[in-house]
Amino acid sequence: MEVADVYKFFSFFFWALFTFCSHFFAKQYFSRTSTSHVTENVIFLTSLQVGCGAVLYVVMKLRNMHSKSLIMDYKTILLGACHSYGMMMTNSSMAQTTASLTHLVKMSEPFYTTIIMAIMGKINFNCKIIFIMMIILATAVGSEPISDARSSLVGIGFALVSNLCYALRNTGTKYLYSEESSKSATTLEGFAAISFGGFLSLIPVWIFSYLFGFDNYSDLLASSNDQLNYFLIISSISHALYNIISLTIILSFFNPVQHAMLNVGKRTSIILVFYLFSQRPFTILNLISAIICLLVSIVGVRVMAVKKHSEVSDKSEEISWKYMVSGILILLFSLSSISWTVSNFQKGVPTARDNWLQCIDDIQENIMSRLSDHLTNPALLNHPTHLLLIDPAYGGNVGDNLIAYGELVLMERMGFLNHTECHIIQSQGLSKWCNNFTHVPDGGLAWWHGGGNWGDLWDRKALTLRRMRSFIQLVKKGKTVIGMPQSFHYQNKVNQTGDASDWMEAIAAEYSAAESKAKMVLTWRQNESYDQAAALYPLLDNRLVPDVAFMIGPIEETFTWSLKKEQAELIFLLRNDKESRHMGKRNVDKLRAIIDSNNETKGLSFEMVDWWDRGRFFDKTVDEPGPELKYKVLDEGKFDYQHMFKSSIAMFTGGKVLITDRLHSSILAFLMHKPHVYVDQMYGKIRKTREVAFDVSEKCGDREEMKFDEAENIEEAVVKAARILRDKKYWTD
């Protein structure tokens, strides 16, 4: 019996070890890949994980064509589907939330298994079982340290569904075939057959993913990122190994409920290691709860050793206390060692600056990927007619200038190295008049400058209606027309519906819906704008795309062009137009009164500016080139973008913390990694636009690392800015 206990101990040890490796490296993979392709990433990883077992089936089948254990039948396909879709739900959960939270939710697996076993008549569902389950779940929850990490109800939902899949798989694997049958699922051949059946069950997922546009698999297969490829390989092989142990050894010794309880002990160990690895603080409650959870799981395994019923024979067994407890301790030590080794191998824990840089990269990749079908189309990319940029903004509003520069970065990064421009209202006469585009060559691609002027807040006739007419005019000339990301805002709902109705009627008179959607693309930088436009303009291809100014960064903050070498503690960059909600406080005396009215902020020095005040801070005599950018545009045209950058950076260095109600001053501060607090304008444009951009990457989720906060009003913003001034985390990378 001692030898059997040692065998069980090592089985449990390697089962947990390979489970940890599979999920740990899967999470590493998801955290380093673009969130815009999370569906493809989940399907791709799941296919590789299940594919390892499927390859084993093919090899075994070739060696023994007549083995009854390797015959495919409907039972094997069903078990395989539970196996594959359980793994897919687990991967989906980890892609949506933290790995530790995924494991925490999966602690409820014994409930599912117990209910299924009771329905099958394999166990008696009594108060003792309920009591054990309640203690396990309560202590499992208590073992989870409170985390600021982003969670997701969708991710939790996926974890719960995976529990059901695995409970069905484990119970079916144990009991679906009679003991008299020559075929068994709790053998290596059985695991291989289940894996092959599971791989076949994924075929509908692949088909539907392609039908619904999730087709980025060629990039995944051609990836040259060695680190990501290692993560995929290690996770996939570890997945196959831990499932071989789970289905062929653990389930042969224990019944499915015991198996689920051992899973709880295993997952508690993994949660502890995940949190030690992420360096999150534990409380005494967390530690005591974890110990109780592990001990009760061990008790549960012993209690649930199914007694021989008069009609039911079950080969579940017990394992001695000393091997269970020592196994858990050695397991924790081993998993912690793996985590420590990997963390040292990977250049340490990413800093706030690392995550900020990755956030910018992810947003830029997201912008390019959401327009890649047109921007990588050889017919457009290689067209002899240069890309036409319509009405780029060349006034004194730096926000509009940043959008225009972001558009140039986007076009050049996508391979459009030559472009022409024409003027409607915003180009200040630096470009040729667009007129009715009669002078513009046929074919190719045309971009409308983005911004926040779609609707009737600003000049509706010159901006919105003119833009609407131009889409039809340009498509008649054989062009594909893309509107760069906009905010949608009508104050007059009659104008809103009337403009939309007239435009759709005009388009329908010329083109079918398929033709117009293929040639006319509108992009929106806010979820609300996208929803409204998709409903009002169904004949166009509407897309949600982050503001194109994010294409510019990162930008280093420097005093190179600054007249003032000493910084005020605060710099207020506040708008002075009808979009402002804080106009009544845009006054030096009123701001001083607000600051001095609170003991926490009293006496703070400040500057009050808008874009047009850059000259007060900019040293024109400094003969230095503009800032170093990740991508510096080759053809900047007639507008002096470098003057814009240098003077804006000089003004931003006038204060340590920026308080602003302008969208693009907040974006520029983000691109400079400058601490800032924003208060929104009249229709919430700042929060809604940044939300769309930051939602593309989990790296953008920590406000402290991104160095910003938001406030409802100036008073709250001043208090938050004062706290940022005192918080060392904002001033070190």
Side-chain angles (χ1 to χ4, degrees), residues 393 395-403 425-426 451-460 462-464 486-492 495 525-526 528-529 547 549 568-598 601-602 604-617 647-648 651-652 654-655 657-670 674-691 708-722 724:
N397 187 326
V398 172
D400 293 333
N401 305 155
L402 292 172
I403 293 172
I425 192 173
Q426 301 178 98
N453 48 31
W454 190 288
D456 60 6
L457 183 59
W458 298 101
D459 194 332
R460 166 174 158 263
L463 293 168
T464 302
Q486 275 277 355
S487 293
F488 181 103
H489 185 74
Y490 273 90
Q491 295 175 304
N492 186 319
N495 286 341
R525 62 192 186 184
Q526 298 167 207
E528 188 180 65
S529 295
D547 190 289
E569 287 158 309
L570 307 177
I571 180 168
F572 293 88
L573 197 162
L574 302 174
R575 63 191 314 142
N576 189 22
D577 58 30
K578 56 187 175 183
E579 287 193 36
S580 174
R581 289 174 48 230
H582 315 282
M583 188 88 74
K585 298 169 185 174
R586 195 186 185 283
N587 176 282
V588 171
D589 293 334
K590 291 182 179 179
L591 291 176
R592 171 49 63 197
I594 290 171
I595 292 171
D596 290 345
S597 66
N598 189 316
T601 62
K602 187 174 181 179
L604 291 177
S605 59
F606 72 94
E607 296 274 1
M608 188 188 76
V609 300
D610 203 350
W611 290 129
W612 294 268
D613 296 302
R614 287 173 287 153
R616 292 199 285 119
F617 300 83
S647 59
S648 299
M651 184 170 72
F652 271 43
V657 180
L658 173 74
I659 296 175
T660 186
D661 64 350
R662 281 195 176 275
L663 169 61
H664 286 93
S665 62
S666 81
I667 291 177
L668 181 57
F670 164 72
K674 182 180 183 66
H676 61 287
V677 181
Y678 70 81
V679 288
D680 229 321
Q681 48 77 268
M682 62 178 292
Y683 60 91
K685 178 171 68 177
I686 303 178
R687 178 185 58 79
K688 294 173 183 176
T689 300
R690 291 169 62 112
E691 187 177 76
F708 81 91
D709 208 336
E710 65 176 309
E712 286 296 316
N713 51 53
I714 298 294
E715 290 82 356
E716 183 184 355
V718 169
V719 172
K720 289 190 172 183
I724 288 174

So, using side chain to side chain donor-acceptor pair (under 3.5 Å) as the criterion, who are the partners of [X] when residues are at least two apart?
X: Thr660; answer: Ser665
X: Glu569; answer: Ser605
X: Arg586; answer: none
X: Arg460; answer: Asp499

Phe572: ring-ring contact (aromatic ring centres under 6.0 Å, His included) partners, not counting sequence neighbours: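 For Phe572 the ring-ring contact (aromatic ring centres under 6.0 Å, His included) partners, ignoring immediate neighbours, are Phe606.
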Taking ring-ring contact (aromatic ring centres under 6.0 Å, His included) as the test, write out the residues that go with His664, two or more places apart.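 Partners of His664 by the ring-ring contact (aromatic ring centres under 6.0 Å, His included) criterion come out as none, since no residue qualifies.
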For residues [X] and [Y], determine if any side-chain heavy atom of one lies less than 4.5 Å from a side-chain heavy atom of the other.
X: Ile403; Y: Arg525; value: yes
X: Lys585; Y: Glu715; value: yes
X: Glu710; Y: Ile686; value: no
X: His676; Y: Ser666; value: yes

Any donor-acceptor pair under 3.5 Å linking the side chain of [X] with the backbone of [Y]?
X: Asp400; Y: Ala393; result: no
X: Lys688; Y: Tyr683; result: yes
X: Lys674; Y: Phe652; result: yes
X: Asp661; Y: Arg575; result: yes
X: Asp680; Y: Arg687; result: yes

Of all heavy-atom pairs between [X] and [Y], which one has the smallest distance, and what is that distance?
X: Ala722; Y: Thr601; value: CB-CG2, 3.7 Å
X: Asp613; Y: Met651; value: C-SD, 3.9 Å
X: Ala721; Y: Leu570; value: CB-CD2, 3.6 Å

